[in-house]
Amino acid sequence: MATETPTGQPRRGRPREFDRDAAVAAATRLFWERGYEASSIGELAHAMGIKSGSLYAAFGDKQSLFKEALASYGDSPYGAFVGRAFAEEATAYGAIARMLREAARIFPDPSHPAGCMTISAATNVSPVNTEVQEYLRELRADNVAAMEQRLVEARSAGELPAAADPHALAEYFATVFQGMSQRAQDGAGADELGAVAELALLAWPGAMS
């Protein structure tokens with residue numbers, strides 16, 4: 001709101017700051033939809049409703065914005081469902097079954113870009129952007145490692161037979177999960193992906209239902 005100076009002239013208030021959360025959400029959607037490399041600074045700034053200079057001032061550079069967008073995605077309902085499944089389910093089987101079944105529903109949901117942003121946002125990049133590709137690769141590797149640890153614990157608790165291979169199982173279910181993301185991008189729907197999830201779960205040692 002403008003105020004008056006001692007001379008009676010109107011004084012402008014501070015410029016209105018943009019809504020950072022809304023701006024990051026807009027950037028997240030663009031990165032998710034087009035990928036890191038295909039999302040230009042100009043397009044990002046336009047989607048965020050700010051000028052390019054403001055983008056650099058607020059986020060530093062495109063890579064820093066991308067990492068913040070990934071964090072925002074990870075906290076969102078369509079990015080956090082895997083972590084919630086492993087935190088809330090009492091058994092490893094329950095966590096993995098929930099992960100795959102929810103992926104079948106979430107990945108093709110038309111309310112947002114198809115698939116998983118962490119899987120698809122930097123599949124193919126030029127050499128200058130390999131650091132971004134490696135960052136996503138490390139995130140995915142951390143997720144597989146966490147799944148393997150849960151399976152190791154499940155074997156120790158007797159949920160899995162002693163001969164079960166937690167590493168191979170984690171790699172298998174991670175591969176199914178990532179493949180479901182790609183299939184959703186290719187147009188597979190919830191029913192198709194749901195059938196894949198149920199078939200994949202038959203690989204669980206003992207084939208629980």
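- Glu68 meets the salt bridge (charged side-chain N to carboxylate O under 4.0 Å, His left out) test with Arg20; sequence neighbours excluded.
- Under the 4.5 Å side-chain heavy-atom criterion for ILVMFWY residues, a single connected hydrophobic cluster contains both Leu70 and Phe81.
- Among residues two or more places apart in sequence or in another chain, the side chain to side chain donor-acceptor pair (under 3.5 Å) test is passed with Ser156 by none.
- Using a 4.5 Å heavy-atom cutoff, the side chains of Ile96 and Phe86 are in contact.
- In the model, Asp75 has no side-chain atom that pairs as donor or acceptor with a side-chain atom of Ser72 under 3.5 Å.
- With hydrogens and angles disregarded, a donor-acceptor distance shorter than 3.5 Å links the side chain of Lys62 to the backbone of Ser39.
- With hydrogens and angles ignored, the 3.5 Å screen pairs no side-chain donor or acceptor of Thr130 with any backbone N or O of Gln133.
- Under the 3.5 Å distance criterion, the side-chain polar atoms of Asn129 are left unmatched by any main-chain donor or acceptor of Val132.
- Considering NZ of Lys67 and OH of Tyr36, their distance stands at 9.0 Å, rounded to 0.5 Å.
- In this structure, the side chains of Val196 and Arg183 stay at 4.5 Å or more apart for every pair of heavy atoms.
- Note: Tyr78 and Tyr73 have tilted aromatic rings, judged against thresholds of 30 and 60 degrees for the angle between ring planes.
- Within a 6.0 Å sphere centred on CD of Glu153, other residues, nucleotides and ligands contribute more than 12 heavy atoms.
- Minimum interatomic distance between Ala170 and Leu151 (heavy atoms only, all atoms of both residues): N-CD1, 3.6 Å.
- In this structure, the ring of Trp204 has its center no less than 6.0 angstrom from the ring center of Tyr172.
- With sequence neighbours excluded, no residue satisfies side chain to side chain donor-acceptor pair (under 3.5 Å) with Gln178.
- Shown here are the salt bridge (charged side-chain N to carboxylate O under 4.0 Å, His left out) partners of Glu102, two or more places apart in sequence or in another chain: Arg98.
- By the side chain to side chain donor-acceptor pair (under 3.5 Å) test, Asp109 is found to be paired with Ser111, residues two or more places apart in sequence or in another chain being considered.
- Contacts classified as salt bridge (Lys or Arg N to Asp or Glu O under 4.0 Å) and involving residues 171-182 (residues at least two apart or in different chains) are not found.
- Scored by the side chain to side chain donor-acceptor pair (under 3.5 Å) test, Arg137 finds Glu134 as partners (sequence neighbours excluded).
- Under the ring-ring contact (aromatic ring centres under 6.0 Å, His included) criterion, Phe177 pairs with Phe107, not counting sequence neighbours.
- Legend: residues meeting salt bridge (charged side-chain N to carboxylate O under 4.0 Å, His left out) with Arg34, ordered by chain and number and at least two apart, are Glu43.
- Contacts classified as side-chain hydrogen bond (donor to acceptor under 3.5 Å, both in side chains) and involving residues 186-198 (residues at least two apart or in different chains) are given here: Arg101-Glu198, Gln182-Asp186.
- Taking CE from Met147 and CG from Asp142, the interatomic distance works out to 12.0 Å, rounded to the nearest 0.5 Å.
- Listed by chain and residue number, nothing satisfies the salt bridge (charged side-chain N to carboxylate O under 4.0 Å, His left out) test with Arg84 (two or more places apart in sequence, or in another chain).
- At a threshold of 4.5 Å between side-chain heavy atoms, the hydrophobic network of Ile, Leu, Val, Met, Phe, Trp and Tyr places Val144 and Tyr135 in two separate groups.
- Heavy-atom minimum distance, Ala92 versus Ala154: CB-CB, 3.7 Å.
- Distance check: Met99 CE to Asn143 CG gives 9.5 Å after rounding to the nearest 0.5 Å.
- The two residues Met180 and Ala197 have their closest heavy-atom pair at CE-CB, 4.3 Å.
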Distance-only donor-acceptor hits, side chain of residues 50-57, under 3.5 Å, sequence neighbours excluded:
none

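- The nearest pair of heavy atoms linking Glu159 to Tyr93 is OE2-N, 2.9 Å.
- Between Ser181 and Gly115, the shortest heavy-atom contact is OG-CA, 3.4 Å.
- By the 4.5 Å heavy-atom criterion applied to side chains, Leu100 and Val176 are counted as neighbours.
- Taking CD1 of Ile41 as the reference point, atom NE2 of His46 lies at 14.5 Å (rounded to 0.5 Å).
- Looking at Phe66 and Leu136, their side chains come closer than 4.5 Å, going by heavy atoms from C-beta outward.
- Between His112 and Ile106 the shortest side-chain heavy-atom distance falls below 4.5 Å.
- Considering every non-hydrogen atom in both Ala80 and Gly74, the closest pair reads CB-O, 3.2 Å.
- Looking at heavy atoms from C-beta onward, Leu169 lies in side-chain contact with Leu160 at the 4.5 angstrom threshold.
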